[in-house]
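FYI, side chains are in, hydrogens and waters are out, and symmetry mates aren't considered; it's all heavy atoms of this structure. Per chain, numbering begins at 1; letters A, B, ... match sequence-line order.
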There are 2 protein chains.
Amino acid sequence: MARTHGSKAEITGPLIRDAARRLFARHGYAAVSMRQISAEVGLQVGALYAYTPDKQTLLADLLRGHMQDLLAEWPDDPGQPALARLDGFLRFHIATSLERPEAVFLAYMELRSLTPENRREIAALRRRYEDGLEAILTAGEAEGSMTVPDRRLTAMALIAMLTGVTNWYREGGRLDRDHVTAIYRDLVFGAVGA
Amino acid sequence: MARTHGSKAEITGPLIRDAARRLFARHGYAAVSMRQISAEVGLQVGALYAYTPDKQTLLADLLRGHMQDLLAEWPDDPGQPALARLDGFLRFHIATSLERPEAVFLAYMELRSLTPENRREIAALRRRYEDGLEAILTAGEAEGSMTVPDRRLTAMALIAMLTGVTNWYREGGRLDRDHVTAIYRDLVFGAVGA
DNA sequence: GTCTATAAGGAGATAGAC
DNA sequence: GTCTATCTCCTTATAGAC
(Lines give C-alpha, C1' and ligand atoms only; values in the text may rest on other atoms or scores of the structure.)
Protein backbone atom coordinates (compact mmCIF):
# COMPACT_ATOMS: atom_id res chain seq x y z
CA MET A 1 0.00 0.00 0.00
CA ALA A 2 1.36 3.35 -1.03
CA ARG A 3 1.95 5.84 1.76
CA THR A 4 0.09 9.08 1.25
CA HIS A 5 1.91 10.93 4.02
CA GLY A 6 5.61 11.02 4.83
CA SER A 7 6.81 10.66 8.38
CA LYS A 8 7.36 13.86 10.29
CA ALA A 9 11.07 13.44 9.76
CA GLU A 10 10.59 13.55 6.00
CA ILE A 11 8.82 16.88 6.30
CA THR A 12 10.69 18.48 9.17
CA GLY A 13 14.18 17.75 7.83
CA PRO A 14 13.65 19.77 4.64
CA LEU A 15 11.90 22.53 6.59
CA ILE A 16 14.94 22.86 8.83
CA ARG A 17 17.29 23.00 5.85
CA ASP A 18 15.07 25.57 4.13
CA ALA A 19 15.03 27.78 7.20
CA ALA A 20 18.77 27.42 7.75
CA ARG A 21 19.51 28.21 4.10
CA ARG A 22 17.36 31.31 4.16
CA LEU A 23 18.73 32.59 7.46
CA PHE A 24 22.37 31.79 6.67
CA ALA A 25 22.08 33.55 3.32
CA ARG A 26 20.46 36.62 4.80
CA HIS A 27 22.49 37.13 7.97
CA GLY A 28 25.56 34.96 7.56
CA TYR A 29 26.31 31.59 9.16
CA ALA A 30 27.97 32.98 12.28
CA ALA A 31 25.19 35.47 12.93
CA VAL A 32 22.43 32.85 12.97
CA SER A 33 21.73 30.83 16.12
CA MET A 34 20.31 27.36 16.31
CA ARG A 35 17.49 28.91 18.34
CA GLN A 36 16.57 31.21 15.45
CA ILE A 37 16.45 28.26 13.08
CA SER A 38 14.29 26.21 15.42
CA ALA A 39 11.92 29.13 15.99
CA GLU A 40 11.52 29.56 12.25
CA VAL A 41 10.37 25.95 11.96
CA GLY A 42 8.29 26.05 15.14
CA LEU A 43 10.47 23.72 17.21
CA GLN A 44 12.47 24.00 20.40
CA VAL A 45 16.19 24.13 19.88
CA GLY A 46 16.89 20.63 21.22
CA ALA A 47 14.76 19.06 18.50
CA LEU A 48 17.16 20.24 15.80
CA TYR A 49 19.78 17.81 17.03
CA ALA A 50 17.61 14.88 15.93
CA TYR A 51 18.29 16.06 12.37
CA THR A 52 21.88 17.28 12.43
CA PRO A 53 24.75 16.48 14.76
CA ASP A 54 25.79 20.13 14.87
CA LYS A 55 25.52 23.51 13.18
CA GLN A 56 28.66 23.05 11.10
CA THR A 57 27.34 19.84 9.56
CA LEU A 58 24.08 21.60 8.73
CA LEU A 59 26.00 24.21 6.72
CA ALA A 60 28.23 21.65 5.01
CA ASP A 61 25.18 19.56 4.02
CA LEU A 62 23.51 22.61 2.48
CA LEU A 63 26.59 23.49 0.43
CA ARG A 64 27.32 19.92 -0.61
CA GLY A 65 23.73 19.35 -1.68
CA HIS A 66 23.68 22.54 -3.71
CA MET A 67 26.94 21.85 -5.52
CA GLN A 68 25.92 18.27 -6.25
CA ASP A 69 22.60 19.48 -7.63
CA LEU A 70 24.38 21.98 -9.87
CA LEU A 71 26.78 19.37 -11.22
CA ALA A 72 24.01 16.84 -11.78
CA GLU A 73 21.62 19.25 -13.51
CA TRP A 74 24.07 21.06 -15.76
CA PRO A 75 23.05 19.96 -19.26
CA ASP A 76 26.41 20.18 -21.05
CA ASP A 77 26.93 18.26 -24.27
CA PRO A 78 30.57 18.22 -25.47
CA GLY A 79 29.33 17.19 -28.92
CA GLN A 80 27.76 20.62 -29.47
CA PRO A 81 29.58 23.67 -30.84
CA ALA A 82 31.34 25.63 -28.11
CA LEU A 83 29.14 28.72 -28.47
CA ALA A 84 26.01 26.61 -27.98
CA ARG A 85 27.61 25.05 -24.90
CA LEU A 86 28.51 28.52 -23.56
CA ASP A 87 24.94 29.64 -24.14
CA GLY A 88 23.71 26.56 -22.28
CA PHE A 89 26.05 27.29 -19.41
CA LEU A 90 25.02 30.88 -18.95
CA ARG A 91 21.33 30.11 -19.22
CA PHE A 92 21.74 27.35 -16.66
CA HIS A 93 23.83 29.47 -14.32
CA ILE A 94 21.47 32.44 -14.42
CA ALA A 95 18.40 30.22 -14.06
CA THR A 96 19.75 28.51 -10.95
CA SER A 97 20.99 31.82 -9.56
CA LEU A 98 17.48 33.26 -9.89
CA GLU A 99 15.61 30.13 -8.77
CA ARG A 100 17.84 29.29 -5.81
CA PRO A 101 19.53 32.57 -4.99
CA GLU A 102 20.13 31.69 -1.35
CA ALA A 103 21.92 28.44 -2.15
CA VAL A 104 24.04 30.10 -4.83
CA PHE A 105 24.95 32.96 -2.55
CA LEU A 106 25.79 30.62 0.33
CA ALA A 107 27.97 28.36 -1.78
CA TYR A 108 30.06 31.32 -2.85
CA MET A 109 30.18 33.19 0.43
CA GLU A 110 30.25 30.72 3.29
CA LEU A 111 33.13 28.48 2.25
CA ARG A 112 35.09 30.42 4.86
CA SER A 113 32.76 29.26 7.61
CA LEU A 114 33.49 25.60 6.96
CA THR A 115 36.06 23.57 8.84
CA PRO A 116 39.20 22.97 6.73
CA GLU A 117 38.10 19.44 5.93
CA ASN A 118 34.60 20.45 4.83
CA ARG A 119 36.00 23.42 2.94
CA ARG A 120 38.32 21.22 0.93
CA GLU A 121 35.44 18.97 -0.03
CA ILE A 122 33.09 21.74 -1.14
CA ALA A 123 35.87 23.69 -2.86
CA ALA A 124 36.64 20.59 -4.92
CA LEU A 125 33.02 20.42 -6.10
CA ARG A 126 33.08 24.10 -6.97
CA ARG A 127 36.34 23.58 -8.82
CA ARG A 128 34.66 20.92 -10.97
CA TYR A 129 31.99 23.45 -11.88
CA GLU A 130 34.59 26.06 -12.83
CA ASP A 131 36.53 23.47 -14.79
CA GLY A 132 33.40 22.71 -16.77
CA LEU A 133 33.21 26.28 -18.00
CA GLU A 134 36.95 26.36 -18.66
CA ALA A 135 36.58 23.28 -20.85
CA ILE A 136 34.00 25.09 -22.95
CA LEU A 137 36.34 28.05 -23.41
CA THR A 138 39.14 25.68 -24.40
CA ALA A 139 36.87 24.07 -26.98
CA GLY A 140 35.85 27.47 -28.28
CA GLU A 141 39.44 28.52 -28.81
CA ALA A 142 40.23 25.20 -30.51
CA GLU A 143 37.35 25.66 -32.96
CA GLY A 144 38.22 29.31 -33.49
CA SER A 145 34.79 30.51 -32.40
CA MET A 146 36.13 32.37 -29.34
CA THR A 147 39.10 34.53 -28.46
CA VAL A 148 39.96 34.11 -24.78
CA PRO A 149 43.01 35.87 -23.34
CA ASP A 150 43.36 33.50 -20.36
CA ARG A 151 40.96 30.61 -19.96
CA ARG A 152 41.22 30.18 -16.19
CA LEU A 153 40.86 33.87 -15.42
CA THR A 154 38.07 34.22 -17.94
CA ALA A 155 36.14 31.33 -16.42
CA MET A 156 36.42 32.91 -12.96
CA ALA A 157 35.49 36.33 -14.33
CA LEU A 158 32.40 35.07 -16.16
CA ILE A 159 31.16 33.14 -13.15
CA ALA A 160 31.63 36.18 -10.91
CA MET A 161 29.80 38.35 -13.40
CA LEU A 162 26.84 35.98 -13.73
CA THR A 163 26.59 35.13 -10.04
CA GLY A 164 26.43 38.85 -9.31
CA VAL A 165 22.85 38.75 -10.56
CA THR A 166 21.84 37.60 -7.07
CA ASN A 167 23.07 40.94 -5.69
CA TRP A 168 20.61 43.14 -7.48
CA TYR A 169 17.85 41.08 -9.16
CA ARG A 170 14.43 41.51 -7.57
CA GLU A 171 11.37 39.58 -8.67
CA GLY A 172 8.91 41.91 -10.34
CA GLY A 173 11.58 44.51 -11.04
CA ARG A 174 12.43 46.40 -14.20
CA LEU A 175 13.74 43.35 -16.11
CA ASP A 176 12.27 39.85 -16.26
CA ARG A 177 14.37 36.71 -16.32
CA ASP A 178 14.40 36.35 -20.08
CA HIS A 179 15.58 39.91 -20.57
CA VAL A 180 18.25 39.51 -17.91
CA THR A 181 19.47 36.32 -19.56
CA ALA A 182 19.56 37.92 -23.01
CA ILE A 183 21.60 40.88 -21.73
CA TYR A 184 24.09 38.69 -19.92
CA ARG A 185 24.40 36.61 -23.09
CA ASP A 186 25.42 39.71 -25.04
CA LEU A 187 27.98 40.60 -22.40
CA VAL A 188 29.44 37.09 -22.15
CA PHE A 189 29.61 36.55 -25.91
CA GLY A 190 31.24 39.95 -26.34
CA ALA A 191 33.79 39.20 -23.64
CA VAL A 192 34.93 36.00 -25.37
CA GLY A 193 35.05 37.69 -28.76
CA ALA A 194 32.18 35.72 -30.27
CA MET B 1 58.04 72.70 17.34
CA ALA B 2 57.08 69.80 15.09
CA ARG B 3 56.07 66.62 16.82
CA THR B 4 58.15 63.65 15.76
CA HIS B 5 55.89 61.08 17.42
CA GLY B 6 52.14 60.83 17.41
CA SER B 7 50.21 60.08 20.57
CA LYS B 8 49.40 56.47 21.28
CA ALA B 9 45.86 57.10 20.12
CA GLU B 10 47.10 58.11 16.71
CA ILE B 11 48.91 54.81 16.36
CA THR B 12 46.55 52.47 18.18
CA GLY B 13 43.41 53.65 16.42
CA PRO B 14 44.63 52.66 12.96
CA LEU B 15 46.03 49.40 14.32
CA ILE B 16 42.62 48.50 15.68
CA ARG B 17 40.95 49.33 12.39
CA ASP B 18 43.56 47.30 10.48
CA ALA B 19 43.03 44.28 12.69
CA ALA B 20 39.26 44.58 12.53
CA ARG B 21 39.31 44.94 8.75
CA ARG B 22 41.51 41.89 8.34
CA LEU B 23 39.52 39.71 10.74
CA PHE B 24 36.08 40.83 9.50
CA ALA B 25 37.12 40.12 5.92
CA ARG B 26 38.51 36.70 6.73
CA HIS B 27 35.87 35.35 9.10
CA GLY B 28 32.89 37.66 8.73
CA TYR B 29 31.70 40.41 11.05
CA ALA B 30 29.49 38.23 13.23
CA ALA B 31 32.15 35.56 13.65
CA VAL B 32 34.76 37.96 15.03
CA SER B 33 34.72 38.95 18.70
CA MET B 34 36.00 42.16 20.21
CA ARG B 35 38.41 39.97 22.18
CA GLN B 36 39.96 38.64 18.98
CA ILE B 37 40.47 42.16 17.70
CA SER B 38 42.02 43.35 20.95
CA ALA B 39 44.31 40.32 21.13
CA GLU B 40 45.50 40.99 17.58
CA VAL B 41 46.55 44.50 18.62
CA GLY B 42 47.93 43.42 22.00
CA LEU B 43 45.29 45.06 24.16
CA GLN B 44 42.70 43.92 26.62
CA VAL B 45 39.16 44.05 25.32
CA GLY B 46 38.06 47.00 27.45
CA ALA B 47 40.66 49.27 25.84
CA LEU B 48 38.91 49.02 22.46
CA TYR B 49 36.02 51.05 23.78
CA ALA B 50 38.25 54.11 24.07
CA TYR B 51 38.38 54.05 20.27
CA THR B 52 34.91 52.98 19.22
CA PRO B 53 31.58 53.15 21.04
CA ASP B 54 30.67 49.66 19.85
CA LYS B 55 31.40 46.92 17.34
CA GLN B 56 28.73 48.07 14.89
CA THR B 57 30.25 51.57 14.67
CA LEU B 58 33.66 50.03 14.05
CA LEU B 59 32.30 48.18 11.01
CA ALA B 60 30.39 51.20 9.71
CA ASP B 61 33.50 53.40 10.04
CA LEU B 62 35.56 50.88 8.04
CA LEU B 63 33.02 50.73 5.23
CA ARG B 64 32.40 54.46 5.15
CA GLY B 65 36.12 55.21 5.08
CA HIS B 66 36.69 52.77 2.26
CA MET B 67 33.88 54.06 0.08
CA GLN B 68 34.91 57.67 0.67
CA ASP B 69 38.50 56.79 -0.27
CA LEU B 70 37.30 55.13 -3.46
CA LEU B 71 35.16 58.08 -4.48
CA ALA B 72 37.91 60.59 -3.67
CA GLU B 73 40.70 58.71 -5.47
CA TRP B 74 38.85 57.70 -8.65
CA PRO B 75 40.55 59.76 -11.34
CA ASP B 76 37.67 60.17 -13.80
CA ASP B 77 37.80 62.95 -16.38
CA PRO B 78 34.50 63.46 -18.25
CA GLY B 79 36.43 65.38 -20.90
CA GLN B 80 38.19 62.23 -22.08
CA PRO B 81 36.80 59.76 -24.64
CA ALA B 82 34.55 57.16 -23.02
CA LEU B 83 36.88 54.25 -23.78
CA ALA B 84 39.76 56.01 -22.04
CA ARG B 85 37.49 56.66 -19.07
CA LEU B 86 36.42 52.99 -19.02
CA ASP B 87 40.07 51.96 -19.12
CA GLY B 88 40.78 54.33 -16.24
CA PHE B 89 37.90 52.87 -14.27
CA LEU B 90 38.92 49.27 -14.68
CA ARG B 91 42.56 49.97 -13.90
CA PHE B 92 41.53 51.88 -10.80
CA HIS B 93 39.04 49.24 -9.68
CA ILE B 94 41.47 46.35 -10.14
CA ALA B 95 44.32 48.27 -8.51
CA THR B 96 42.29 49.05 -5.40
CA SER B 97 40.88 45.51 -5.33
CA LEU B 98 44.43 44.14 -5.31
CA GLU B 99 45.91 46.73 -2.95
CA ARG B 100 43.08 46.75 -0.42
CA PRO B 101 41.35 43.42 -1.00
CA GLU B 102 39.96 43.21 2.54
CA ALA B 103 38.30 46.61 2.36
CA VAL B 104 36.84 45.88 -1.08
CA PHE B 105 35.55 42.50 0.02
CA LEU B 106 34.05 43.91 3.21
CA ALA B 107 32.30 46.75 1.44
CA TYR B 108 30.56 44.30 -0.86
CA MET B 109 29.81 41.55 1.63
CA GLU B 110 29.08 43.10 5.00
CA LEU B 111 26.41 45.62 4.09
CA ARG B 112 24.00 43.08 5.54
CA SER B 113 25.68 43.31 8.95
CA LEU B 114 24.97 47.02 9.26
CA THR B 115 22.00 48.49 11.07
CA PRO B 116 19.36 49.78 8.61
CA GLU B 117 20.49 53.36 9.13
CA ASN B 118 24.16 52.59 8.55
CA ARG B 119 23.30 50.36 5.61
CA ARG B 120 21.39 53.14 3.89
CA GLU B 121 24.33 55.48 4.27
CA ILE B 122 26.95 53.07 2.91
CA ALA B 123 24.66 51.81 0.15
CA ALA B 124 24.24 55.40 -1.02
CA LEU B 125 28.03 55.78 -1.31
CA ARG B 126 28.27 52.52 -3.22
CA ARG B 127 25.48 53.67 -5.48
CA ARG B 128 27.47 56.79 -6.36
CA TYR B 129 30.37 54.56 -7.38
CA GLU B 130 28.11 52.41 -9.58
CA ASP B 131 26.55 55.52 -11.07
CA GLY B 132 30.02 56.73 -12.04
CA LEU B 133 30.57 53.66 -14.18
CA GLU B 134 27.08 53.89 -15.61
CA ALA B 135 27.80 57.47 -16.69
CA ILE B 136 30.84 56.26 -18.63
CA LEU B 137 28.73 53.64 -20.41
CA THR B 138 26.15 56.28 -21.25
CA ALA B 139 28.85 58.50 -22.71
CA GLY B 140 30.25 55.57 -24.69
CA GLU B 141 26.89 54.85 -26.26
CA ALA B 142 26.38 58.52 -27.06
CA GLU B 143 29.75 58.67 -28.83
CA GLY B 144 29.10 55.40 -30.60
CA SER B 145 32.27 53.84 -29.19
CA MET B 146 30.36 51.23 -27.15
CA THR B 147 27.35 48.98 -27.59
CA VAL B 148 25.70 48.35 -24.24
CA PRO B 149 22.48 46.34 -24.05
CA ASP B 150 21.42 47.75 -20.67
CA ARG B 151 23.57 50.33 -18.92
CA ARG B 152 22.49 49.68 -15.36
CA LEU B 153 22.78 45.90 -15.61
CA THR B 154 26.06 46.20 -17.47
CA ALA B 155 27.54 48.46 -14.80
CA MET B 156 26.59 45.96 -12.09
CA ALA B 157 27.90 43.05 -14.16
CA LEU B 158 31.26 44.69 -14.85
CA ILE B 159 31.76 45.64 -11.21
CA ALA B 160 30.92 42.09 -10.10
CA MET B 161 33.32 40.67 -12.67
CA LEU B 162 36.19 42.93 -11.66
CA THR B 163 35.61 42.68 -7.92
CA GLY B 164 35.76 38.90 -8.28
CA VAL B 165 39.51 39.24 -8.67
CA THR B 166 39.70 39.30 -4.85
CA ASN B 167 38.32 35.74 -4.79
CA TRP B 168 41.18 34.07 -6.59
CA TYR B 169 44.16 36.44 -6.96
CA ARG B 170 47.19 35.46 -4.89
CA GLU B 171 50.34 37.54 -4.68
CA GLY B 172 53.17 35.70 -6.37
CA GLY B 173 50.79 33.50 -8.34
CA ARG B 174 50.70 32.65 -12.03
CA LEU B 175 49.73 36.15 -13.20
CA ASP B 176 51.08 39.48 -12.01
CA ARG B 177 48.94 42.58 -11.62
CA ASP B 178 49.70 44.01 -15.03
CA HIS B 179 48.78 40.78 -16.77
CA VAL B 180 45.60 40.49 -14.75
CA THR B 181 44.65 44.05 -15.61
CA ALA B 182 45.35 43.52 -19.32
CA ILE B 183 43.19 40.39 -19.42
CA TYR B 184 40.30 42.04 -17.62
CA ARG B 185 40.60 44.96 -20.04
CA ASP B 186 40.12 42.60 -22.98
CA LEU B 187 37.07 41.07 -21.31
CA VAL B 188 35.49 44.40 -20.39
CA PHE B 189 36.12 46.01 -23.76
CA GLY B 190 34.75 42.91 -25.50
CA ALA B 191 31.64 42.96 -23.31
CA VAL B 192 30.79 46.54 -24.25
CA GLY B 193 31.45 45.92 -27.92
CA ALA B 194 34.53 48.15 -28.18
C1' DG C 1 45.02 55.00 27.73
C1' DT C 2 44.98 50.64 29.57
C1' DC C 3 44.03 47.45 33.03
C1' DT C 4 41.06 44.03 35.87
C1' DA C 5 36.71 42.63 37.13
C1' DT C 6 32.10 42.02 36.33
C1' DA C 7 27.38 42.42 34.71
C1' DA C 8 23.81 40.43 31.85
C1' DG C 9 22.70 37.67 28.39
C1' DG C 10 23.12 34.39 24.37
C1' DA C 11 25.63 30.66 22.29
C1' DG C 12 26.07 25.35 21.06
C1' DA C 13 25.12 21.14 22.65
C1' DT C 14 23.30 17.33 25.87
C1' DA C 15 20.20 14.61 29.24
C1' DG C 16 16.24 12.64 30.32
C1' DA C 17 11.00 12.83 30.56
C1' DC C 18 7.14 11.82 27.73
C1' DG D 1 10.32 13.26 17.70
C1' DT D 2 9.83 16.84 20.67
C1' DC D 3 9.94 18.95 25.03
C1' DT D 4 12.08 21.24 29.25
C1' DA D 5 15.99 22.04 31.79
C1' DT D 6 20.66 22.58 32.19
C1' DC D 7 25.81 22.69 31.50
C1' DT D 8 29.61 25.29 30.06
C1' DC D 9 31.46 28.73 27.68
C1' DC D 10 31.71 32.98 25.22
C1' DT D 11 29.68 37.41 23.94
C1' DT D 12 29.27 42.81 24.17
C1' DA D 13 29.73 46.37 27.00
C1' DT D 14 30.62 48.96 31.42
C1' DA D 15 32.85 50.52 36.01
C1' DG D 16 36.43 52.00 38.40
C1' DA D 17 41.48 51.57 39.69
C1' DC D 18 45.87 53.20 38.17
Side-chain angles (χ1 to χ4, degrees), chain A residues 3-24 26-63 106 110 112-119, chain B residues 3-24 26-63 106 110 112-119:
Chain A
R3 287 190 309 178
T4 51
H5 301 287
S7 72
K8 273 199 175 174
E10 288 168 7
I11 296 177
T12 306
L15 285 180
I16 289 172
R17 284 191 289 278
D18 288 348
R21 187 184 303 110
R22 183 170 55 249
L23 290 168
F24 288 164
R26 188 165 315 171
H27 306 291
Y29 171 77
V32 174
S33 69
M34 295 295 269
R35 279 173 176 79
Q36 282 178 271
I37 298 170
S38 67
E40 194 86 355
V41 186
L43 293 173
Q44 293 303 311
V45 62
L48 294 185
Y49 292 88
Y51 294 91
T52 184
D54 50 42
K55 188 184 172 189
Q56 167 71 205
T57 303
L58 180 55
L59 175 65
D61 287 346
L62 286 174
L63 299 196
L106 267 189
E110 292 292 3
R112 66 181 175 186
S113 299
L114 293 171
T115 60
E117 190 177 6
N118 284 333
R119 178 161 53 245
Chain B
R3 285 190 311 179
T4 52
H5 303 286
S7 71
K8 273 198 174 175
E10 287 167 8
I11 295 177
T12 305
L15 286 180
I16 290 171
R17 283 191 288 278
D18 288 348
R21 187 184 302 109
R22 184 170 53 249
L23 289 168
F24 288 164
R26 189 164 315 172
H27 306 292
Y29 171 78
V32 174
S33 69
M34 295 296 267
R35 276 175 174 77
Q36 282 178 273
I37 297 169
S38 67
E40 194 86 355
V41 186
L43 293 172
Q44 294 302 312
V45 62
L48 294 184
Y49 292 88
Y51 294 90
T52 184
D54 50 41
K55 188 183 171 189
Q56 166 71 205
T57 303
L58 181 54
L59 175 65
D61 287 345
L62 287 174
L63 299 196
L106 267 189
E110 292 291 2
R112 66 181 175 188
S113 299
L114 294 172
T115 59
E117 190 178 6
N118 285 332
R119 177 161 55 245

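- To the nearest angstrom, P of dG12(C) lies 8 Å from OH of Tyr29(A).
- The phosphate of dT2(C) has OP1 or OP2 within less than 4.0 Å of a side-chain N or O from Tyr51(B).
- Whole-Å rounding puts the Gln44(A) CD to dC18(C) P distance at 17 Å.
- Atom CG of Leu43(A) is separated from atom CG of Leu15(A) by 8.5 Å, given to the nearest 0.5 angstrom.
- Remark on the helix from dG1(C)-dC18(D) to dC18(C)-dG1(D): inter-end axis angle 0°, axes from five-pair C1' superpositions, rounded to 10°.
- Rounded to an integer number of Å, the gap from CG of Leu48(B) to P of dT11(D) is 13 Å.
- Going from atom CD of Gln36(A) over to atom C1' of dA11(C) covers 11 Å, rounded to whole Å.
- Without hydrogens or angle criteria, Gln36(A) side chain to Leu23(A) main chain gives no donor-acceptor distance under 3.5 Å.
- At distances below 3.5 Å, at least one donor-acceptor pair connects side-chain atoms of Gln56(B) with backbone N or O atoms of Thr115(B).
- You won't find any donor-acceptor pair under 3.5 Å spanning the side chain of Arg35(A) and the base of dG10(C), going by distance alone.
- For Tyr49(B) and dG16(D), the OH to C1' distance is 17 Å, given to the nearest whole Å.
- Residue Ala47(A) is the one, among Val45(B) and Ala47(A), whose nearest nucleotide of DNA chain D lies closer to the 5' end (criterion: closest heavy atom).
- Among the atoms of the strands shown, only primed sugar atoms or phosphate atoms (P, OP1, OP2) are found under 4.0 Å from some heavy atom of Val32(A).
- Note: CE (Met34(B)) to C1' (dA13(D)) measures 8 Å, nearest angstrom.
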